[in-house]
Amino acid sequence: MNRYSIKMRASNKEEGHISGAEKIIPEEELEQYCSRLLTRALGHSKGKPDFINLKIEAVKEEEILHLPALNVTTVETSNAGEGMEVVSGYLHRLGLERAEEILAIWKQSYAMRGAILLDADTLQRLEPDRERGIRATYMDMETEDMERKSACGGKNHFNEALVLATKVVNHPNIVAELCISDDPDYVTGYIASKKFGYVRITRLKELGSPDGGRVFLFRGNEQERKECIQYLQQQKVLIHIP
Ligand code: PML
Ligand code: MG
């Protein structure tokens, strides 16, 4: 089957980045998804874009890595403090004793487009460009669930985050990922790892806060760091969700 990767990003002079999304879809669906992504770019609550970029690239079947989605569990929390305690508890269970310092470094990602790549033991930041960070990209989901499928044109925080987290933590040198949305209306975040799956935390920040960002916790040597960045930014991945 011929597939294409589509990436959309929209911005304007006042807001900067407004909206972005990506898909990896069969050729027959290309036109339909281009139009859905355009609708999404034009209808964003952050404002009207004055620049929309649609990038379309052919993807060969043999280039695609297929992965099953992580198992999902949910922890109910009633405020940001409680949410952070849950994250800290999981970090300790993953053998990361410097959990409090990791939570503090997470805040440095709030102003970044990409994620922090953090050495899980030395807590050294490993991104080549610390302003931009690392952007995990070239991923999409495959599902037979029609409701989930039809939601794919608009923003679905959970689906998109599950796809990203599954890609990220499947790299052998990634120990865990931490994520808070930068959307002021969206307070659910997560910690994902191969060991515990995708753990949703219902309240990880207070409503109205624009703070959000990601940390990828890495353990490995220099060569593995290079391969990991290459995987996160270039490997095409389809995540299978039942
Ligand atoms: C984002 O805004 O991109 C991050 C979304 C986090 C989703 C958490 C969830 O609902 O499980
Ligand atoms: Mg966002």
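Keep in mind that what you see is a predicted model, and the values were worked out from it rather than measured. Both ligands and their constituent atoms are indexed starting at 1 by order of listing. Counting from 1, the numbers follow the sequence of the chain as shown.
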Is there a polar contact, in the sense of an N or O pair closer than 3.5 Å, between Tyr186 and ligand 1? yes
Quick one: nearest non-hydrogen protein atom to atom 6 (C) of ligand 1, plus distance? Ala161 CB, 3.8 Å
Does Asn79 have any side chain to side chain contact (heavy atoms under 4.5 Å, CB included) partners at least two apart in sequence or in another chain, and if so, which? Glu82, Glu206
Check side chain to side chain contact (heavy atoms under 4.5 Å, CB included) between Lys195 and all other residues, then give those that pass, not counting sequence neighbours. Leu94, Ser193
Keeping to distances under 2.8 Å, can you name the protein N/O/S atoms close to the Mg ion (ligand 2)? Asp182 OD1
As an exercise, identify every atom of ligand 1 less than 4.0 angstrom from a heavy atom of Tyr198. 7 (C), 8 (C), 9 (C), 11 (O)
When you look for heavy atoms under 4.0 Å from ligand 1, do you find them on the side chain of Ser181, its backbone, both, or neither? both
Side-chain contact test, heavy atoms from C-beta onward, threshold under 4.5 Å: evaluate it for Ile239 versus Leu162 and give yes or no. no
Which of the atoms in ligand 1, numbered in the order shown and given with their element, are less than 4.0 Å from a heavy-atom of Cys179? 4 (C)
Where is the nearest protein heavy atom to atom 3 (O) of ligand 1: which residue, which atom, and how far? Lys155 NZ, 3.7 Å
As a test of understanding, state which of Glu227, Arg225, Lys226 forms a side chain to side chain contact (heavy atoms under 4.5 Å, CB included) with Ile229. Arg225
Considering only NZ, NE, NH1 and NH2 on the basic side and carboxylate oxygens on the acidic side, decide whether Arg3 and Glu142 come within less than 4.0 Å. yes
Identify, with sequence neighbours excluded, every residue that meets ring pair (Phe, Tyr, Trp, His ring centres under 6.0 Å) alongside Phe196. Tyr90
Numbering as shown, the atoms of ligand 1 that approach Phe158 to under 4.0 Å (heavy-atom distance): 10 (O), 11 (O)
My understanding is that we take every heavy atom of each candidate and find the minimum distance to atom 5 (C) of ligand 1. Doing that for His157, Glu160, Arg200, which one comes out nearest? His157
Is it the case that over 12 heavy atoms from other parts of the model lie below 6.0 angstrom from the CD atom of Glu222? yes
Say whether Ser88 and Glu100, considering side chains only, have a donor N or O and an acceptor N or O under 3.5 Å apart. yes
Can you say whether the rings of Phe158 and Tyr198 are parallel (under 30°), tilted (30 to 60°) or perpendicular (over 60°)? perpendicular
Residue Asn71 excluded, over 12 heavy atoms near CG under 6.0 Å: no
Using distance alone, decide if ligand 1 has a nitrogen or oxygen within less than 3.5 Å of any nitrogen or oxygen in Thr188. no
